[in-house]
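In what follows, a single structure is set out as structure tokens and then discussed.
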Amino acid sequence: MTSLTSTFVRLKLSLLRNGLRQSGGRLAAYVLSAVFVLLFAVAQLFGLILLRGTAHADAVVVLLTAVLGLGWAVMPLFFPGGDETLDPTRLVMLPLRPMPLVRALLVASLVGTGPLFTLCLAVGSVIAVAHGGDAVAVGVVAVALVLLVCVALARAVAAANLRLLSSRKGRDLAVLSGLVIAVGAQLVNFGVQRLGSGGLGQLDPFADVLRWVPPASAVGAVHSVSDGSYGTAAAQLAVSAVAVVAALAVWARHLTRLMTAPDGSTLQAADPGPRARPSTGLARLLPGGRTGTVMERSLRYIWRDPKTKAAWVTSLAIGLIVPVFNALQGTGSIYFACFAAGMLGIQMYNQFGQDTSAFWMVATTISSTRDAYAELRARALALMVITVPYAALVTVVTTALLGDWESLPEVLGLSFALLGAMLATGAWTSASFPYSIPQEGYKNVAPGQAGLAWISVFGGMVAAALLCSPVIAATIWLHVSADGDDLLWLLLPLGTAYGAGLALLGLRLAAPRTARRLPEILAAVSKG
């Protein structure tokens with residue numbers, strides 16, 4: 001079966017070479033990305049080598065290896081099309097047994113910039129903690145185990161979820177990777193600030209646990225040998241070796257199932273016949289008529305449409321992370337709580353673009369300014385069902401973390417005023433600068449409409465900030481006034497009333513423009 005392995009390696013290289021020959025742009029993008037990855041890997045390698053002999057070097061490399069393994073495990077879930085040349089479902093008709101196929105695919109998986117990057121980090125981690133000939137010898141084994149654990153784990157996860165990830169809905173779930181990146185960036189920022197204030201010694205408790213978690217346990221074994229703990233090192237190497245065997249076994253089991261079990265494409269779907277769907281609990285809670293229908297449709301888009309759900313989940317997460325993390329760091333301000341209302345208010349922009357080509361069904365129901373106003377008002381109410389309680393919750397949590405309960409009314413008033421301003425400007429820009437959101441892939445703007453998106457979102461946000469200036473000015477005036485502290489509570493009812501007035505005014509102004517520009521809106525949102 002050695003020939004099978006070499007055949008798969010040559011097959012992957014050939015597919016990669018032929019794919020790059022398709023266009024110069026694809027070749028340039030691959031070369032640039034490869035150069036960037038290699039430069040970053042070399043920089044990491046030299047940085048880890050410089051850690052050699054320093055205090056807490058072992059904790060740093062153990063934590064780094066654990067994060068690297070986690071990245072390999074979750075990457076197939078968010079980038080399912082990252083390596084189409086190793087899709088095992090394309091080999092179903094070939095007479096291949098699972099374990100030889102696993103070995104061939106494993107070796108072929110080691111070809112690429114990702115494994116090379118992992119190899120550099122593993123080598124640098126071993127050099128940072130290896131002291132003595134025995135540690136160097138164990139380090140060679142540790143590097144191989146780290147690389148095998150990462151690759152085998154990624155392939156096992158991909159095989160276990162391949163049916164989902166190869167479907168349209170599964171690929172749409174990859175859009176949520178933006179949320180993971182946003183949350184991860186905030187966590188990294190928080191961790192770096194904590195390390196800057198407390199030193200690398202804070203990593204030791206985490207490293208003590210992760211040295212027994214593969215693939216970090218392999219690097220931990222090198223440090224154990226350097227300290228003379230040969231029994232501990234043997235146990236840590238065994239943990240990583242068992243992880244490789246377990247990942248390969250899981251991979252082989254799922255490969256067998258993929259290549260032998262029927263799926264939906266080979267089974268006759270049962271036809272249960274038409275059935276009347278009962279009224280859902282959501283519909284019973286909403287008002288009747290067009291308002292309730294539009295609200296239910298908007299809320300179902302948020303729950304079911306992958307692109308809309310991704311935008312909402314990302315806004316909800318960032319709207320909470322920014323004020324809470326700043327409060328936990330002791331450097332935040334209670335006014336950061338307004339970030340929640342601002343992030344969710346963005347969802348009002350490009351309302352019709354979220355419907356994509358299905359907007360033509362909505363357009364057939366709009367024949368007058370009154371119909372357009374009812375449509376916009378219902379969409380705004382659906383957004384407020386989530387935004388108003390969420391903004392209040394984030395404000396209360398931020399206030400509790402900072403212990404500044406006296407400022408709660410004014411911050412809530414500012415949040416509600418900002419939300420009203422964004423509803424107003426969002427309704428107007430939705431009618432004035434609509435753009436299409438492609439349903440496939442990762443783009444949120446159709447080609448050629450990026451300028452419209454910038455004008456709609458950022459122009460609307462600037463206008464919303466200007467509309468909130470009276471409430472901001474009133475807040476500043478009450479703070480600098482001698483007797484103003486006793487009147488700050490008035491900002492809650494004033495800000496709420498001002499925001500509601502702005503929202504109603506914006507909807508009234510946007511309604512006739514929407515009714516008048518229906519053909520242009522339909523053409524713009526259907527472009528993608």
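Owing to the predicted nature of the structure, the values given are computational and were not obtained by experimental measurement. Positions are given from 1, in the same order as the sequence printed here.
- Between S298 and R379, the closest side-chain pair of non-hydrogen atoms falls below 4.5 Å.
- Taking the six-membered ring for Trp and thresholds of 30 and 60 degrees, F40 and F117 have nearly parallel ring planes, at less than 30 degrees apart.
- Note that CD of Q347 is 7.5 Å distant from CD1 of I302, once rounded to the nearest 0.5 Å.
- Between V525 and D355 there is no side-chain heavy-atom pair separated by less than 4.5 Å.
- Under the 4.5 Å side-chain criterion, counting only non-hydrogen atoms from C-beta, R211 is in contact with D58.
- Side-chain contact between C120 and Q44: absent, with no pair of heavy atoms (C-beta onward) separated by less than 4.5 Å.
- Side-chain contact check for R155 and S109: at least one donor-acceptor pair (N or O, by modelled atom type) lies under 3.5 Å.
- The shortest side-chain heavy-atom distance between P215 and L68 does not fall under the 4.5 Å cut-off.
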### Query
Would F339 and V394 satisfy side chain to side chain contact (heavy atoms under 4.5 Å, CB included), going step by step from the backbone distance to the final call?
CA-CA 9 Å; F339 206 81; V394 172; over 6 Å; no

### Task
Take L39 and F36 through the side chain to side chain contact (heavy atoms under 4.5 Å, CB included) test and state the conclusion after the steps.
CA-CA 5 Å; L39 290 177; F36 176 78; 5.9 Å; no

### Task
Could you give me the CA-CA distance, side-chain angles and deciding distance for V457 and Y435, then say whether side chain to side chain contact (heavy atoms under 4.5 Å, CB included) is met?
CA-CA 11 Å; V457 178; Y435 57 90; 3.8 Å; yes

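- Not one N or O on the side chain of S240 forms a donor-acceptor pair closer than 3.5 Å with the backbone of L237.
- In this structure, F359 and Q354 have side chains that are not in contact, with every pair of non-hydrogen atoms separated by 4.5 Å or more.
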### Message
As a quick check of understanding, evaluate side chain to side chain contact (heavy atoms under 4.5 Å, CB included) for I386 and L299, giving each step before the final call.
### Response
CA-CA 9 Å; I386 302 174; L299 294 173; 4.1 Å; yes

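- Residues L320 and Y390 meet the side-chain proximity criterion, which asks for heavy atoms closer than 4.5 Å.
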Please table the atom pairs, donor to acceptor, closer than 3.5 Å between any side-chain atom in residues 124-139 and protein atoms at least two apart or in another chain.
from : atom 1 : to   : atom 2 : distance (Å)
S125 : OG     : L121 : O      : 2.8
D134 : OD2    : Y230 : OH     : 2.9

